[in-house]
Amino acid sequence: MYRANRAKMSDSQGMIATMQLDEEQRDRAVGALLGSAVGDAVGAGYEFSHPAQDVVVDMIGGGPFDWAPGQWTDDTSMATGVAAGLSPGAVDLDAIAAAFIAWYDTHPADIGTQTRSVLTHRDTTAASMTARGSSLSGRTGGNGSLMRTGPVGVAFVRSDDAACAQAAGDISDLTHSDPQARQACELWSVAIARGIRSGDRSGLRQYLSERDADVRSFWEPLLDEAESGAPSDFSNNGWVVHALQTAWWAICTADGDVVETIGNCVRAGGDTDTTAAIAGALAGACAGTSGIPSRWTDMLHGYPGWTATDLRATALRILGEDPVNTLGHS
Ligand SMILES: [Mg+2]
């Protein structure tokens, strides 16, 4: 269905408003945001640890920042900031920059190094924030933009891939001026959009195969390694490249099962809340909400005083769907 609509889609500003989403597609869009948030909240209790393979992974809270059970961390807090600037097929980068600063001003305990280095200057426009990011030197490829990119795939589900990738890359650039961080966000966001349309994670590989040769030659061997390797092969998962590999490994090893995907991320160790948030976005986009335990979604909460109900409503808003007529129930 999506392929058939592509020509029409590019007629009006790269997007089409008339593509009808069915109930399963709407549910998968909600699944993208909830899957990421439950991954974040589960992973938060295990951050920087390496649980044994037989540990039962659950939404226990704790961890280095002593989270309440079900409380999400900076990954989801920043994703709500991304969503604040999204509407169906469009992005307002200034609104996202402002939302990031509003969150920064709450003095979050768990802010990434690179994100802090940018937001501490409290730039008030996207242009100045992006320029600030590009002025940083040293290691600029942290995983902090990939962890928050899930809403982009939701908002651009009716758009062509180029528009989705452009938005994802520009949002990444606000804090992470790094070509690999940008490309990771482009690839993952389009994979999420395709996953919502189809229920299938193969969109990541398919979209990558359509990219320029330099992008393909960098990422395809990394995905190969994630599919055939082990977490020890990509253990530096604070780096966006290893974070994406860990997430892809977790999803493929679990064959898309959301709970297993999140458990895999936790057992892979390292930056567990972030790898689980990244993986949970794509796994949730493909599996939908039925793949996410309600006892987890019922416990979810975090900045800005939200619960799963607010994430669900946000997914439907940026999707352009009326929550009353679709999935507004909790
Ligand atoms: Mg976090």
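Residue numbers start at 1 and run along the sequence shown. Counting convention: from 1, in listed order, for ligands and their atoms alike.
In summary, of the residues considered (Leu187, Leu223, Leu222, Ile278), a side-chain contact (heavy atoms from CB on, under 4.5 Å) with Trp248 occurs for Leu223 alone. If you run side chain to side chain donor-acceptor pair (under 3.5 Å) between Arg148 and each of Asn143, Thr274, Thr115, Thr175, only Thr175 comes through.
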Show me the side-chain donor-acceptor pairs of residues 86-103 shorter than 3.5 Å, one per line, residues at least two apart or across chains.
unit_1, atom_1, unit_2, atom_2, d
Asp92, OD1, Asp94, N, 3.1
Asp92, OD1, Ala95, N, 3.0
Asp94, OD1, Ala126, N, 2.7

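Under 2.8 Å from the Mg ion (ligand 1), one finds the following protein N/O/S atoms: Thr73 OG1, Asp74 OD1, Asp75 OD1, Asp273 OD2.
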- Query: Checking side chain to side chain donor-acceptor pair (under 3.5 Å) for the pair Asn264/Thr253: CA distance, chi angles, key distance, verdict?
  - Reply: CA-CA 8 Å; Asn264 285 341; Thr253 304; 4.8 Å; no
- Stepwise side chain to side chain donor-acceptor pair (under 3.5 Å) test for Thr76 and Asp40: CA-CA 7 Å; Thr76 306; Asp40 179 8; 2.7 Å; yes
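Residues Pro151 and Ile318 have side chains in contact (heavy-atom distance under 4.5 Å, counting atoms from C-beta outward).
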